[in-house]
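Numbering starts at 1 and runs along the sequence shown. Since this is a predicted model, take the numbers as computed values, not measurements.
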Amino acid sequence: MAILIDDPRWPAHGLLWAHLVSDANLGELHEFAAANGIPLRGFDLDHYDVPREAHARLVAAGAHHVDGHTLVRALIASGLRVTARERRGR
């Protein structure tokens, strides 16, 4: 099991954001986020949005830095991925 984080390259609210995911289960993801000060409001169905300012701290805490393609492939392989179509339906 691993926590993965991609590059903070997604702009919103005047900041750049990265995605934090688990390659195994959401419980592991929530536990890691809580232990590292990431609020639950940052959770978006299958990942946490985290600001660029938290990136290095999360990597130091054990998140594995990967590129966006690797992150998405791991999320799909885990069975946790929520597709855009599923997001619209919620």
- Quick one: sort the His30 and Tyr48 rings into parallel, tilted or perpendicular, breaks at 30° and 60°. perpendicular
- Query: Does any N or O in the side chain of His47 come within less than 3.5 Å of the main-chain N or O of Gly42, such that one atom is a donor and the other an acceptor?
  - Reply: no
- Measure the spacing between CG of Leu15 and CZ of Arg52 and express it to the nearest 0.5 Å. 8.0 Å
- Under 3.5 Å, side chain of Asn25 to main-chain N/O of Gly27, donor-acceptor pair present? yes
- Query: Under 6.0 Å from the CD atom of Glu86, do we count more than 12 heavy atoms belonging to anything else shown?
  - Reply: yes
- Item | Closest non-hydrogen atom pair, Ala2 against Asp23 | N-OD1, 2.7 Å
- Item | Spatial distance of atom CG (Leu16) from atom NE2 (His55) [nearest 0.5 Å] | 11.0 Å
- Message: Hydrogens and angles aside, do Asp7 and His65 bring a side-chain donor and acceptor to less than 3.5 Å of each other?
- Response: yes
- Query: When rounded to the nearest 0.5 angstrom, what is the spacing between CD1 in Ile3 and NE2 in His64?
  - Reply: 8.5 Å
- Query: Distance from Leu20 atom CG to Phe32 atom CZ, nearest 0.5 Å?
  - Reply: 6.0 Å
- Item | Gap between atom CG of Leu58 and atom CG of Leu4 - 0.5 Å precision | 12.0 Å
- Any luck finding a side-chain donor-acceptor pair between Thr70 and Asp67 under 3.5 Å? yes
